[in-house]
Student: 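Sharing a structure with you now.
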Amino acid sequence: MNKTIVIGAYACEPYKGSEQGVGWNWALQIAKCNKVIVITRSNNEPVISDYLKKHPIDNITFYYCDVPDSIRKYKKGSKGVHWYYYLWQYYCYKTAKEILKKEHVDYTFTVTFGNMWLPTFLYKLPVKHIWGPIGGEAGIPKILWNKISLKQKVVECIRLINPYIPISNPFYKQICKKSYKIIARTEDVEKVLPSSCKDKVLVCLETGASEEDCLNFKASVEKLVATDDLVHVGQMIPRKMLDIAILAFAKVADKYQHVKFNLVGTGPEKHNLKALAKSLGLENRVVFHGVKPREEAIGLMQQSAIIVHPSVYEGGCWSLFEAMMSEKAIVCFDVSGNHVLMSDDCAELVPMMGHDEAVNIFAQKLDLLLGDKNLREKLGKAAHKRILTHFLWKNKGEFFEKMIDD
């Protein structure tokens, strides 16, 4: 099928993971069978233009737009990113409206920052709109609210109210009603969408990998000197519940004196986590590396023996994809995107439970894996195979084609 599809991708860059990789790879896969017009942020233009000079793609055109400079100057890194995204979506809509005056367009597709509580305006255009893969249904379980701040409890309350009174996205019900198809990243998302639109919902995790990526990640691990260390790569934010990981490590630290716990990333919880490590006498064994370039972060992960990921909700977590491609053993909660991404034969999955119980179970899992290299290798190989079997980028393109064919 050869259709013309306008894709609104706030984040879209080659050579990147996370949201940038989602926007870029969905666009590339859809362009294999369709004419694709991508609208993305102006700051993505240099790297995309450079890529296209080296690797021309016939079926894809990029338009770049952004909010006025007078507003853009107030965005500092991730600070204010959600309000900025709100405004950018309006300018994306205006750009798409101009494209429709010049081109016949069959579909519009809003793809990155897949969160049902952030808006898109492409549904307002007179063509079929596809929204997703969206998430945002999950929050920190109430069983863990005694471990979060008052500010975070307010955020969680808003999240609970949003399906009924969409405070953070007043356009939510209109988007659901007028979209031709909605892609939910997990079945949990599907459950909270309005019942009136359930017949237009399909489920597909947003993240993927290429066969080449899988081979390259596996090959790069073989060149490194392996350690028995633990590692977590990602933001230090409340939902990551990294205190569970540090407390669990503390329970096995005396038994495995040579093991360190590497934390890559930063965030508002960093100060509290450093204080916790110090209070446990682990300030020299829980190593805070801060934000690292992607290649260095991947290297630290690949040298480590176990990925510890106590996040209480996720979509298709990019760092877990990279760990699975690297044949690494993983300990994580069996929730949301983790539940889709992994199975019992390729990770140590922990059911959701109270904080203190979770610390004990994570510690048991760490003890099991640190003491059994063969089990670590078995889980890692199964994880790598699962990516190749279920989560290649080409599967996203096939999914999209089937969706619009139907």
Side-chain angles (χ1 to χ4, degrees), residues 17-18 21-22 25 185-187 203-234 240 245 248 259 261-262 264 294-295 297-352 361-362 364-396:
S18 195
V22 170
N25 284 288
R185 66 188 185 188
T186 67
E187 291 179 358
V203 178
C204 182
L205 204 63
E206 76 275 24
T207 328
S210 68
E211 292 181 41
E212 183 182 9
D213 286 337
C214 289
L215 292 172
N216 289 341
F217 269 77
K218 183 178 178 181
S220 62
V221 171
E222 293 168 356
K223 298 175 184 176
L224 298 171
V225 178
T227 71
D228 288 338
D229 291 344
L230 316 179
V231 68
H232 177 273
V233 180
K240 298 292 185 177
V259 174
F261 185 6
N262 295 300
V264 182
R294 184 168 181 246
E295 293 76 15
I298 290 171
L300 269 169
M301 177 271 292
Q302 292 180 330
Q303 285 182 302
S304 300
I306 303 167
I307 281 69
V308 191
H309 194 81
S311 177
V312 294
Y313 61 90
E314 288 288 359
C317 178
W318 202 272
S319 65
L320 292 182
F321 259 85
E322 292 168 340
M324 293 172 76
M325 289 191 288
S326 302
E327 296 191 348
K328 292 297 171 181
I330 298 167
V331 183
C332 65
F333 277 119
D334 187 17
V335 291
S336 56
N338 295 351
H339 180 76
V340 177
L341 185 57
M342 286 168 283
S343 56
D344 289 328
D345 67 337
C346 69
E348 290 294 332
L349 300 174
V350 178
M352 185 50 60
I361 298 300
F362 267 80
Q364 290 173 23
K365 299 288 188 184
L366 293 179
D367 189 20
L368 174 68
L369 290 173
L370 286 168
D372 192 339
K373 184 179 179 181
N374 290 334
L375 176 59
R376 297 201 303 265
E377 291 178 352
K378 179 183 175 183
L379 292 173
K381 290 183 184 301
H384 189 271
K385 182 179 179 180
R386 186 167 172 81
I387 293 289
L388 285 170
T389 306
H390 296 286
F391 297 107
L392 293 180
W393 281 122
K394 68 179 183 180
N395 298 346
K396 312 298 181 188

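Below, each value reflects all heavy atoms present in this structure, side chains not excepted, and no hydrogens, waters or symmetry copies.
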Student: Just how far is it from atom CE of Met342 to atom CG of Asp334, taken to the nearest 0.5 Å?
Tutor: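 Result: 8.5 Å between the selected atoms.
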Student: Determine whether Glu222 and Lys218 make a side-chain contact, defined as any pair of heavy atoms from C-beta on separated by less than 4.5 Å.
Tutor: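 When only atoms from C-beta onward are counted, Lys218 and Glu222 do touch, with a gap below 4.5 Å.
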Student: To the nearest 0.5 Å, what is the distance between CD1 (Ile330) and OG (Ser319)?
Tutor: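 It comes to 8.5 Å.
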Student: Indicate the atoms forming the closest heavy-atom contact of Val331 with Lys365, along with that distance.
Tutor: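 That would be CG1-CB, 3.8 Å.
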Student: Are Phe391 and Thr207 close enough that some pair of their side-chain heavy atoms sits under 4.5 Å apart?
Tutor: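 With C-beta onward as the side chain, the pair stays apart.
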Student: Could you check whether any side-chain N or O of Thr227 sits under 3.5 Å from a backbone N or O of Gln303, counting only pairs where one atom can act as donor and the other as acceptor?
Tutor: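 Yes, because the side chain of Thr227 sits within donor-acceptor range (under 3.5 Å) of the backbone of Gln303.
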Student: Would Lys378 and Asp372 pass as an ion pair if we require N to O under 4.0 Å?
Tutor: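 No.
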Student: If you define the side chain from C-beta out and look only at heavy atoms, does anything of Leu349 sit under 4.5 Å from Cys332?
Tutor: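 Yes - at least one pair of side-chain heavy atoms lies under 4.5 Å apart.
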Student: Just to verify, what does Phe333 make a ring-ring contact (aromatic ring centres under 6.0 Å, His included) with, not counting sequence neighbours?
Tutor: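 Partners of Phe333 by the ring-ring contact (aromatic ring centres under 6.0 Å, His included) criterion, ordered by chain and then number, come out as Phe362.
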Student: How would you list, by chain and number, every residue that makes a side-chain contact (heavy atoms from CB on, under 4.5 Å) with Glu295, sequence neighbours excluded?
Tutor: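 For Glu295, the residues satisfying side-chain contact (heavy atoms from CB on, under 4.5 Å) (neighbours in sequence not counted) are Pro293.
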Student: Compare all side-chain heavy atoms of Met325 with those of Asp213 and state whether any distance is below 4.5 angstrom.
Tutor: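 With C-beta onward as the side chain, the pair touches.
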Student: Using the test side chain to side chain donor-acceptor pair (under 3.5 Å), find all partners of His390 that sit at least two apart in sequence or belong to another chain.
Tutor: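 Partners of His390 under the side chain to side chain donor-acceptor pair (under 3.5 Å) test: none.
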Student: Checking Asn25 now: which residues fulfil side-chain contact (heavy atoms from CB on, under 4.5 Å) with it, not counting sequence neighbours?
Tutor: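 Here the qualifying residues are Trp393.
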Student: Suppose we screen for side-chain contact (heavy atoms from CB on, under 4.5 Å). Which residues come up paired with Ser343, at least two apart in sequence or across chains?
Tutor: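 Residues passing side-chain contact (heavy atoms from CB on, under 4.5 Å) with Ser343: Asp345, Cys346, Arg386.
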Student: Nearest heavy-atom pair of Ser326 and Glu322: which atoms, and what distance?
Tutor: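 That closest heavy-atom pairing would be OG-O, 2.8 Å.
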Student: Is there a side-chain contact between Leu366 and Phe261, using heavy atoms and a 4.5 Å cut-off?
Tutor: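 No, their side chains stay 4.5 Å or more apart.
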Student: Under 4.0 Å between a Lys/Arg side-chain N and an Asp/Glu carboxylate O for Lys240 and Glu314?
Tutor: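 Result for this pair is yes, salt bridge flagged.
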Student: What distance do Ile387 atom CD1 and Glu327 atom CD have between them, rounded to the nearest 0.5 Å?
Tutor: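 One finds 11.5 Å between CD1 of Ile387 and CD of Glu327.
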Student: Could you tell me which non-hydrogen atom of Ala323 sits nearest to which non-hydrogen atom of Ile307, and how far apart they are?
Tutor: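 Ala323 and Ile307 have their closest heavy atoms at CB-CG1, 3.8 Å.
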Student: Could you pull out the closest heavy-atom pair between Ala383 and Met324, with the gap in Å?
Tutor: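 That would be O-CE, 3.6 Å.
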Student: What pair of heavy atoms forms the shortest contact from Lys328 to Gln302, and how long is it?
Tutor: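 For Lys328 versus Gln302, the nearest heavy atoms are NZ-O, 2.7 Å.
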Student: Would you say that Leu379 contacts Leu369 through its side chain, given a criterion of any heavy-atom pair below 4.5 Å between the two side chains?
Tutor: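 Yes, at least one pair of side-chain atoms sits under 4.5 Å.
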Student: Is there a side-chain contact between Val233 and Leu300 in this structure, where contact means two heavy atoms from C-beta onward sitting under 4.5 Å apart?
Tutor: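 Result no, sub-4.5 Å side-chain heavy-atom pair not found.
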Student: In Å, rounded to the nearest 0.5 Å, how long is the span from CG of Leu215 to CD of Glu212?
Tutor: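 The CD atom of Glu212 is 8.0 Å from CG of Leu215, to the nearest 0.5 Å.
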Student: Please round to the nearest 0.5 Å and tell me the distance separating atom CG of Asn395 and atom SG of Cys204.
Tutor: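 Between Asn395 CG and Cys204 SG, I get 8.5 Å after rounding to 0.5 Å.
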Student: Would you compute the distance between atom CZ of Arg185 and atom CG of Leu341 and round it to the nearest 0.5 angstrom?
Tutor: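 Here the rounded value is 12.0 Å.
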Student: For Glu211, which residues count as a salt bridge (Lys or Arg N to Asp or Glu O under 4.0 Å) partner, sequence neighbours excluded?
Tutor: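 For Glu211 the salt bridge (Lys or Arg N to Asp or Glu O under 4.0 Å) partners, ignoring immediate neighbours, are Lys394.
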Student: Compare all side-chain heavy atoms of Thr186 with those of His339 and state whether any distance is below 4.5 angstrom.
Tutor: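 Contact flag for Thr186/His339 side chains = no.
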